[in-house]
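Accompanying notes for the structure given below.
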Amino acid sequence: MMKFRLPMILATMLFAASAAHAQVDIANPWVRATVSEQKTTGVFMKITSKADAKLVSVRTALAGRTEIHEMAMEGDTMKMRQIPNLPLPAGATVELKPGGLHIMLFELTAQAKEGDTVPLTLVIETGGKQETVEVSAAVRPLKKPAHH
Amino acid sequence: MTSRSKLSPNRKTDPKPSNRLDQRYTYSDMDHSFNIATLRQVFTPEAVVHAMLGLRTKQGRTLEPMDPWRRALLRACVACCMLPMVSCGNDGPRFQNTDISGANYGSDFALLDPDGNTRRLADFRGKVVMLFFGFIQCPDVCPTSLQRAAAVRRLLGANGELLQIIFVTLDPERDSPEILREYSAAFDANVLGLYGTPEQTRETADNFRIYFRKVPVGGGYTIDHTATSYIYDPEGRLRLTVNYQSPAKAIAADVALLLHSSSTINDKEAQ
């Protein structure tokens, strides 16, 4: 028994140490296509962080400026607000989707065309330490429903 | 609901439920007692007629009791209404979205299309018009509403030609005619984007009871706005409001109903 315990403890410690870094899983990242003169669009994805973390900012060559937004319906009224950061509770999947949270891209440098992929850098803060996560988001057409 | 949840554990632990049933239910709310007398109280002929015909009570006023001949007449009406229901399967005479027939607002607009032509509601006589307001920088509700409108048209099949989708921008400063044209067409060739001056936009929104407000966000602004869509019948009368969450299927069914009732009227007039 004792023989196995030490490696196990070491492995657990290593795992814990790596989990302290941003162990973030990004699923299904996508960007909504734009028309030629359109200067804004939204980015959506599912983010799961192993440790308590927060998404602080997003960088991409496609946009001059990015913001993290929250959309809410108040009765029949749609409201959109900027949030300073997006909390990512440990183990929980935070979904950025139409009708809710999204990353807003402003001052687009090019048109987002269906079939393109947009490289994004997510800046994630875990315990006061910032790390970056590279994501490649697919451009989805305006025409089709965003899901299913 | 709360009283029901309080009752259920008692029901399980009660050793002799049948003996205590009457006792317990004598004072309870109607939804706890299922005897015939109560059902009769709830499902009065008036209430059934009311539910089936989709009659709307004014300001929550309950329907007043009717005299027998009127009741009989209504029953006959219900029977007539039920006949097409039986023959057409699920197509009931009721709309799935909110019926606002007779509303005294949103009767017309005068706005420009991307080519600079003034468009009015009367231009679309003979078609069902689905109209909503939004802005192109909006990444969420507006594209979703446009996608839904396009889906409604697909669901209508050949009748899709008889549906005109109109998107009115609340952000004419940023949504130029070119963007409006291209953006609308990206969803469906049938979508018509309309715009006006900021003053005309405000006036139109007011006339259609659309709330909107610019809100500073980051380096720019966003627009809080009512996300309701309106549906007009082929005679150009405002008939329905559509909630932003209402599914395309429900809207398509209502549009089909409006097209059908309109063509029935036209057929009768032609004879």
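In the text below, chain A, chain B and the rest are named by the order of the sequence lines, each starting its count at 1.
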To the closest 0.5 Å, what do you measure between CG (B/D224) and CE (A/M78)?
6.0 Å

When rounded to the nearest 0.5 Å, the distance separating CG of B/L180 from CD of A/E37 is 13.0 Å

Distance-minimising heavy-atom pair for B/A227 and A/M73
CB-CE, 3.9 Å

Choice from A/G99, A/G42, A/A33 maximising heavy atom contacts with chain B below 4.5 Å
A/G99

Quick one: do B/V215 and A/R81 satisfy side-chain contact (heavy atoms from CB on, under 4.5 Å)? Show the steps, please.
CA-CA 9 Å; B/V215 181; A/R81 296 291 177 267; 3.6 Å; yes

What part of A/S36 gets within 4.5 angstrom of chain B, counting heavy atoms only: side chain, backbone, both, or neither?
both

Answer yes or no: are there more than 12 heavy-atom neighbours, outside A/E134 itself, under 6.0 Å from its atom CD?
yes

Around atom CZ of A/R65, are there more than 12 heavy atoms from other residues, nucleotides or ligands closer than 6.0 Å?
yes

Side chain, backbone, both or neither of A/Q82 within contact of chain B (heavy atoms, under 4.5 Å):
both

Please look at A/M104 and chain B and tell me whether the side chain, the backbone, both or neither of the residue comes under 4.5 angstrom of a heavy atom of that chain.
side chain

Would you say the side-chain atoms of A/Q38 pair up with the backbone N or O of B/Q137, donor to acceptor, closer than 3.5 Å?
no

Heavy-atom pair with the smallest gap, counting every atom of B/F187 and A/L142:
CE2-O, 3.2 Å

Region of B/R174 that comes under 4.5 Å of a non-hydrogen atom in chain A
neither

